[in-house]
**Q** 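Just passing along the structure, written as structure tokens.
Just follow the structure's listing: the first ligand is 1, and inside any ligand the first atom is 1. Given the structure is predicted, the values throughout are model-derived calculations rather than measurements.
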Amino acid sequence: MVLPHSHRTNHPPQNTTELTKTSVVTGGAGFIGSHLVKQLLRADDVTGVTVLDAITYAGHIENLREELHCPRLTFVKGTILDQELVDYYVRRNSAIVHLAAESHVDRSFYAASTFVMTNVLGTQILLAAAKRFATKRFVHVSTDEVYGPLASGSASEEDALRPSVPYAASKAASDMIALSYFRTFGVPVCVTRSSNNYGPCQHAEKIIPLFVTRLLRGDQVTLHGKGEHVRNWLHVEDNCRGLDLVLRHGVPGGIYNIGGGTDLTNKELTGLLLAECGADWDAVSYVPDRRSNDIRYCMDWSKLRRLGFKPQRTLKKSLAETGWYRDNPDRWPPVRRDPDAPMAEVAVAIAGA
Ligand SMILES: NC(=O)c1ccc[n+]([C@@H]2O[C@H](COP(=O)([O-])OP(=O)(O)OC[C@H]3O[C@@H](n4cnc5c(N)ncnc54)[C@H](O)[C@@H]3O)[C@@H](O)[C@H]2O)c1
């Protein structure tokens with residue numbers, strides 16, 4: 001009998017304990033990865049987590065300060081581009097959750113080749129190891145940005161990908177290569193595509209920590225265009241709950257959108273952050289729109305809901321967590337020399353990386 005693609009796999013069905021017992025989490029010292037590691041280590045059926053992280057400018061080992069004492073955690077500083085290193089750890093673990101990536105859109109305008117190397121080639125190197133060592137589950141973590149802008153409606157998992165910027169294009173390419181390893185070799189890949197994450201430990205180049213830290217310093221924040229771009233906001237812990245569900249119950253070859261309950265224009269988001277930081281609209285200036293700034297992302301995530309997913313956090317109720325940035329000034333971005341040049345600090349950070 002010829003099975004349809006969505007059911008074809010070289011690997012026999014596994015129970016969830018076997019899938020989750022030991023996993024390699026790439027990018028586990030980054031924002032989402034470190035929250036996922038904490039969550040995995042809280043689960044009784046997880047006997048080992050190996051973090052493989054290159055600690056680029058975006059990786060922070062302090063994100064795992066407490067977990068580093070846990071005997072079930074192995075921390076490896078290394079790159080997913082090193083096939084020998086990857087093989088060594090993939091062979092010893094049952095699953096891979098792949099988060100390591102270059103993840104900041106603005107940087108992809110300056111350093112697109114690094115995005116292609118890490119996001120596309122790095123993913124293929126992991127997939128080759130998963131194929132070689134019969135990994136039981138490969139969760140490839142992607143983004144709503146691969147669908148491109150939607151003036152109306154919402155993107156479902158079957159929709160065509162129309163990425164606008166080099167970051168999103170490199171993620172779309174990595175999704176395709178991951179799914180090709182399922183179709184061609186039966187590697188049990190699941191792809192997740194989430195909306196914008198927020199929460200403690202996010203790198204200060206992203207909009208919420210960037211605005212919060214600037215406002216706390218008494219600096220201006222800048223909105224692109226008229227601030228009308230719409231984004232869906234997902235608490236990082238909700239995303240990790242979704243990742244865990246897909247790790248345990250996702251169908252090999254399946255794609256799962258993960259969204260949160262809050263859709264806001266950037267201007268609406270700014271209003272909430274101003275109120276939280278005790279600032280007013282005088283602290284906001286407008287700059288010309290960013291290149292290829294997609295007007296609206298929106299996903300239908302009913303497929304994951306059918307697996308039992310329900311976001312538990314709302315942005316408004318979670319805003320008090322901005323206090324994390326107040327308490328961690330070592331994670332603030334460098335002071336901007338030219339507040340009217342939105343790209344300036346990115347360029348400075350790249351030069352220093
Ligand atoms: N943050 C979001 O809102 C969001 C939304 C949707 C999808 N995603 C995806 O989720 C994943 C994690 O995002 P994040 O926000 O935590 O990113 P992040 O930038 O905070 O973390 C990325 C991590 O990957 C590591 N890394 C980079 N290159 C590496 C390499 N060659 N080898 C090993 N490690 C390497 C970095 O050191 C860092 O720890 C990414 O794949 C991203 O595309 C993020």
Side-chain angles (χ1 to χ4, degrees), residues 24-38 50-64 75-83 85-86 89 96-108 111 113-126 129 139-147 163 165-175 178 191-210 231-240 242-243 246 256-260 262 269 297 299 301 315 331 349 353:
V24 174
V25 178
T26 71
F31 166 47
I32 303 172
S34 59
H35 283 274
L36 181 70
V37 168
K38 291 179 211 303
T50 299
V51 168
L52 177 57
D53 197 302
I55 308 290
T56 64
Y57 80 94
H60 293 276
I61 191 144
E62 318 84 68
N63 287 346
L64 298 170
F75 178 80
V76 182
K77 182 174 180 215
T79 173
I80 55 169
L81 295 167
D82 181 343
Q83 183 85 66
L85 182 75
V86 164
Y89 289 102
I96 300 172
V97 189
H98 174 37
L99 299 105
E102 289 294 333
S103 69
H104 190 47
V105 170
D106 287 2
R107 285 176 185 261
S108 76
S113 59
T114 313
F115 282 68
V116 173
M117 286 286 282
T118 299
N119 299 0
V120 186
L121 182 59
T123 300
Q124 186 275 327
I125 286 172
L126 285 160
V139 179
H140 172 68
V141 178
S142 189
T143 166
D144 61 355
E145 298 195 30
V146 298
Y147 294 117
V165 292
Y167 161 66
S170 70
K171 293 297 291 186
S174 67
D175 291 16
V191 173
T192 67
R193 295 185 180 139
S194 86
S195 56
N196 277 18
N197 283 224
Y198 64 93
C201 301
Q202 188 166 30
H203 193 280
E205 67 193 357
K206 304 286 167 57
I207 186 167
I208 291 182
L210 184 65
R231 300 292 181 258
N232 177 267
W233 289 97
L234 171 70
H235 194 280
V236 63
E237 290 173 3
D238 281 330
N239 188 17
C240 291
L243 294 176
V246 173
Y256 297 88
N257 291 342
I258 310 182
T262 315
L269 173 69
Y297 298 128
M299 288 184 302
W301 39 273
L315 186 93
R331 298 286 290 273

**Q** Once rounded to the nearest 0.5 Å, what's the spacing between atom CG of Asn196 and atom OG1 of Thr143?
**A** 7.5 Å
**Q** Val37 and side-chain contact (heavy atoms from CB on, under 4.5 Å): which single residue from Asn63, Ile32, Thr50, Val25 fits?
**A** Val25
**Q** Note down each nitrogen or oxygen pair, ligand 1 side and protein side, whose separation is under 3.5 Å; give only atom names and the distance to 0.1 Å.
**A**
from	atom 1	to	atom 2	distance (Å)
ligand 1	3 (O)	Asn197	N	2.8
ligand 1	16 (O)	Phe31	N	3.3
ligand 1	16 (O)	Ile32	N	2.8
ligand 1	17 (O)	Ser103	OG	3.3
ligand 1	19 (O)	Ser103	OG	2.8
ligand 1	20 (O)	Phe31	N	3.0
ligand 1	31 (N)	Thr79	OG1	3.0
ligand 1	32 (N)	Ile80	N	3.0
ligand 1	34 (N)	Ala54	N	3.0
ligand 1	37 (O)	Asp53	OD1	2.6
ligand 1	37 (O)	Ile55	N	3.4
ligand 1	37 (O)	Thr56	N	3.0
ligand 1	37 (O)	Thr56	OG1	3.2
ligand 1	39 (O)	Gly30	N	3.0
ligand 1	39 (O)	Asp53	OD1	3.2
ligand 1	39 (O)	Asp53	OD2	2.6
ligand 1	41 (O)	Leu99	O	3.0
ligand 1	41 (O)	Lys171	NZ	2.7
ligand 1	43 (O)	Tyr167	OH	2.7
ligand 1	43 (O)	Lys171	NZ	3.1

**Q** Sequence neighbours left out, cut at 3.5 Å: what donor-acceptor pairs do the side chains of residues 96-103 make with other protein atoms?
**A**
from	atom 1	to	atom 2	distance (Å)
His98	ND1	Thr26	OG1	2.7
His98	NE2	Thr123	OG1	2.9
Ser103	OG	Lys206	NZ	3.0

**Q** Tell me every residue that passes ring-ring contact (aromatic ring centres under 6.0 Å, His included) with Tyr198, counting only those two or more places apart in sequence or in another chain.
**A** His235
**Q** Quick check for you: to the nearest 0.5 Å, what is the distance between Ser174 atom OG and Leu126 atom CG?
**A** 10.5 Å
**Q** Could you list the residues that satisfy ring-ring contact (aromatic ring centres under 6.0 Å, His included) with Trp233, not counting sequence neighbours?
**A** none
